[in-house]
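For reference, the structure is listed below as structure tokens.
FYI, the numbering just counts along the sequence from 1. Worth saying up front: this structure is predicted, and the values here are computed from it rather than measured.
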Amino acid sequence: MADSMNPRRRVRNNQNRSDFMSYLYDLYKRDKAPIPKRNTYTGLAETYAKHVGMQEIERQVDLWHDEKTREQIKASNIARPVCLEYDEA
């Protein structure tokens with residue numbers, strides 16, 4: 001959360017996060033999940049990010065032939081560079 005948020009915005013952001021996590025809890029049926037995940041919020045955001053991420057990858061592949069879409073994807077990757085898992089030689 002940015003320190004520049006005013007108190008009202010900070011409260012709304014916290015409530016949004018709480019509501020969203022409750023949504024993910026229900027979406028992934030954590031009340032019925034096997035132990036040790038049952039009744040926990042652990043890993044929900046990461047699991048959802050992977051799900052949404054794969055959908056976005058599939059969308060990008062499907063539209064890669066479209067020059068405008070391809071340039072938007074490239075611009076997005078320039079604005080938010082990927083993190084390399086190794087040191088460049």
Side-chain angles (χ1 to χ4, degrees):
M1 236 180 315
D3 291 334
S4 61
M5 279 191 205
N6 66 44
R8 177 177 278 168
R9 174 85 171 129
R10 186 172 289 116
V11 168
R12 171 169 271 184
N13 188 273
N14 285 337
Q15 186 63 54
N16 286 350
R17 287 173 186 267
S18 177
D19 292 345
F20 187 71
M21 290 306 295
S22 291
Y23 167 74
L24 292 181
Y25 182 93
D26 293 339
L27 180 67
Y28 285 98
K29 297 178 174 44
R30 280 299 177 92
D31 58 331
K32 298 175 184 169
I35 293 175
K37 291 186 177 183
R38 184 178 301 152
N39 300 321
T40 69
Y41 289 82
T42 305
L44 284 173
E46 292 83 3
T47 300
Y48 185 68
K50 288 177 186 175
H51 171 75
V52 174
M54 285 308 300
Q55 287 180 337
E56 177 58 17
I57 290 169
E58 290 169 4
R59 184 192 75 82
Q60 289 181 13
V61 169
D62 286 344
L63 298 174
W64 192 253
H65 67 278
D66 178 63
E67 185 177 345
K68 182 178 178 183
T69 300
R70 187 172 53 250
E71 293 307 314
Q72 288 173 341
I73 293 167
K74 289 178 180 181
S76 175
N77 288 328
I78 290 169
R80 300 170 102 177
V82 298
C83 295
L84 299 178
E85 296 178 358
Y86 57 88
D87 292 327
E88 288 186 273

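Ile57 contributes atom CD1, which lies 12.0 Å from atom CG of Asp62 (distance to the nearest 0.5 angstrom). Note that the NZ atom of Lys68 and the CD1 atom of Ile73 stand 12.5 Å from one another [nearest 0.5 Å]. Atom CZ of Arg70 and atom CD of Gln60 lie 12.0 Å apart (nearest 0.5 Å). Atom OG1 of Thr69 is separated from atom CD of Glu67 by 10.0 Å, given to the nearest 0.5 angstrom.
Atom CD of Gln55 has more than 12 heavy atoms from other residues, nucleotides or ligands within 6.0 Å. Crowding of Tyr23 atom OH: a count of heavy atoms from other residues, nucleotides or ligands under 6.0 Å not exceeding 12.
Within the 4.5 Å cutoff, the side chain of His51 has no heavy atoms near those of the Thr47 side chain. Counting only heavy atoms from C-beta outward, the side chains of Arg38 and Ile35 approach each other to under 4.5 Å. The shortest side-chain heavy-atom distance between Glu56 and Arg59 falls under the 4.5 Å cut-off. Looking at heavy atoms from C-beta onward, Met21 lies in side-chain contact with Leu44 at the 4.5 angstrom threshold. By the 4.5 Å heavy-atom criterion applied to side chains, Tyr48 and Leu27 are counted as neighbours. With a 4.5 Å cut-off on side-chain heavy atoms, Tyr25 and Thr40 do not count as touching.
Judged by distance alone, the side chain of Ser76 and the main-chain N or O of Gln72 form no donor-acceptor pair under 3.5 Å.
Transitive grouping of hydrophobic side chains (ILVMFWY, heavy atoms separated by less than 4.5 Å) keeps Phe20 and Val11 in distinct clusters.
A donor-acceptor contact closer than 3.5 angstrom is absent between the side chains of Arg10 and Asn6.
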**Study point:** Derivation of the side chain to side chain contact (heavy atoms under 4.5 Å, CB included) call for Leu24 and Tyr41
**Key:** CA-CA 8 Å; Leu24 292 181; Tyr41 289 82; over 6 Å; no
